[in-house]
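What follows is a set of notes on a single structure, which appears directly below.
Residue numbers run from 1 in the order of the sequence given. In this text the structure is predicted, and so the values were computed from the model without any measurement. In each ligand, atom 1 is the first atom listed, and ligand 1 is the first ligand listed.
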Amino acid sequence: MSDPKTIIEAVDAIRSGKISAGELVTASLDRINQWEPHIHAFLELFNDTAVQQAKDIDGADNTTEQPLAGIPISIKDIICTSIGHTTAGSKILQNFRSPYDATVIMRLRRAGAIIIGKTNQDEFAMGASNEFSAYGPAYNPWDTSRVTGGSSGGSAASVASREVFASLGTDTGGSVRQPASFCSVVGLKPTYGRVSRFGIIAYASSLDQVGPFARTVKDCALVFATIAGQDPLDATTTPHPLGRYTEVCGQDITGLKIGLPKEYFSDQVNAQVSATVKTAVKQLEKLGATVKEISLPLTQFAVPTYYVIVKSEASTNLAKYDGLRYGQLAVEATSLLEQYLVGRGKYFGPEVKRSILMGTYTLSSGYIDAWYKQASKVRTLIRNEFAELFKEVDVIAGPVSPETAFPVGQKVDDPLAMYLADMLTDPASVAGLPAISVPCGFASVANATGNNVPIQLPVGLQLIAPHFAEEHLFQVAHAYEQSTDWHKQMPALPA
Ligand code: GLN
């Protein structure tokens with residue numbers, strides 16, 4: 001049996017009869033059995049349906065029209081699937097079963113992908129560590145005493161540990177890119193409006209996007225090509241033509257202009273992370289890109305702008321979890337008001353409650369002008385600042401995160417520190433721009449367990465492009481990846 005490392009290899013191996021979809025699924029389930037006790041990437045597994053789907057693919061006459069035929073993929077639990085539960089990492093949705101598949105799931109199924117299970121996440125995608133999951137955190141495969149990042153931590157961990165070939169997550173302010181960076185896999189946040197959100201449980205409607213995780217840039221492009229495009233069921237998707245996402249992987253980057261914002265290398269960013277990313281940028285120069293230093297002075301306002309907007313929108317999106325329309329009923333409540341208080345009090349976790357409190361305040365009469373509307377204006381300024389710079393450069397490069405994966409427990413009681421974890425991912429989110437995280441090396445960090453042997457933790461290079469220019473991201477990221485071997489390095493299964 002061959003051992004394909006990427007989706008592209010696996011699809012070839014299935015088509016040429018070197019491996020069956022059934023064998024691929026069995027191998028995936030075996031890895032899951034080995035890794036899950038250490039990383040808790042999954043909240044639910046679909047072993048039986050996955051095996052059945054693989055049988056169907058192996059029995060089909062021809063799968064050449066299906067670009068992902070037989071490929072095991074995991075799905076963040078905020079994405080509705082007609083099989084199993086969809087909890088969004090929350091107790092309030094513990095028993096929720098979606099009556100339908102999200103559009104992205106329908107598209108994956110049509111492409112022949114095998115949905116292996118649902119992945120762990122911060123509750124309602126609020127968080128940057130996966131520690132706000134109501135079902136316990138996921139752990140980083142590179143060091144299980146550390147966080148995976150979040151909120152799509154389970155998705156990133158499932159790809160990094162090679163349990164699956166790819167995963168779908170969602171990114172509102174960094175939730176695909178930051179865990180991808182912490183776990184050394186590729187992760188894309190598409191342009192706002194590029195991927196359907198029909199069937200995605202909303203966190204903040206002006207920011208949420210579904211994004212793929214994969215082991216390589218080309219695999220990521222392939223999954224993205226499958227899910228991208230207009231959807232009549234989501235009015236925020238646009239008719240903008242799709243790009244040649246996989247074809248650009250392999251194109252030369254000579255002459256491409258890359259901007260390096262000095263604010264992304266400030267002293268708030270760990271020195272080793274900065275140095276690792278700068279080395280990656282040197283590599284892009286060697287590959288023919290021209291690099292110039294630029295400035296994005298409004299970067300410092302991205303976190304406050306993002307958090308006012310995200311929490312305001314979250315507070316309205318979460319109003320429907322009242323036990324009557326959605327969410328668990330508090331059986332002990334004796335009145336409607338008590339139902340709201342007891343049910344929401346009992347089944348929402350701390351970050352969700354914080355969001356509702358903050359968001360209700362920033363939207364309330366007398367305060368909405370000073371907060372939500374003001375933040376919306378700053379958002380326009382940030383967007384314009386990017387637009388101006390994109391007249392001079394094709395792509396902006398910097399770190400994804402100011403640090404490497406932090407120890408479990410370090411920030412969980414310090415909301416501000418947790419929010420600052422997305423200081424370098426919020427800008428692109430607020431501006432609606434596409435951005436990718438690609439593995440670019442390892443930084444040496446003191447061992448959290450206290451012995452003196454430093455450990456090596458992954459660092460991600462972030463590339464940001466103009467609206468709908470995902471092609472640029474794939475082209476540059478692929479050229480970089482293929483000139484290094486970071487994507488071939490894998491975490492070792494803990495003893
Ligand atoms: N950490 C950010 C937040 O909690 C981003 C999360 C996300 O992208 N879903 O809002």
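- The pair Arg344-Asp322 does not meet the salt-bridge criterion, since no charged nitrogen lies less than 4.0 angstrom from a carboxylate oxygen.
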Using distance only, find each side-chain donor-acceptor pair of residues 463-470 under 3.5 Å and give its atom names and separation, not counting sequence neighbours.
from   : atom 1 : to     : atom 2 : distance (Å)
His467 : NE2    : Ala431 : O      : 2.8
Glu470 : OE1    : Thr191 : OG1    : 3.4
Glu470 : OE2    : Thr191 : N      : 2.7
Glu470 : OE2    : Thr191 : OG1    : 2.7

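- Sorted by chain and number, the heavy-atom contacts of ligand 1 below 4.0 Å come from Ala125, Met126, Gly127, Ala128, Ser151, Asp171, Thr172, Gly173, Gly174, Ser175, Tyr203, Tyr306, Tyr307, Asp422.
- Val210 is not listed as a side-chain neighbour of Pro190, based on a closest heavy-atom distance of 4.5 Å or more.
- Residue pairs meeting the side chain to side chain donor-acceptor pair (under 3.5 Å) criterion with at least one member in residues 214-236, sequence neighbours excluded, are Thr103-Asp231, Ser196-Asp231, Arg197-Thr236, Asp234-Thr236.
- The aromatic rings of Trp35 and His38 stand perpendicular to each other, their planes meeting at an angle above 60°, with 30° marking the opposite boundary.
- Under the rule for a side chain to side chain contact (heavy atoms under 4.5 Å, CB included), the partners of Tyr347 that lie at least two apart in sequence or sit in another chain are Lys91, Ile92, Gln328.
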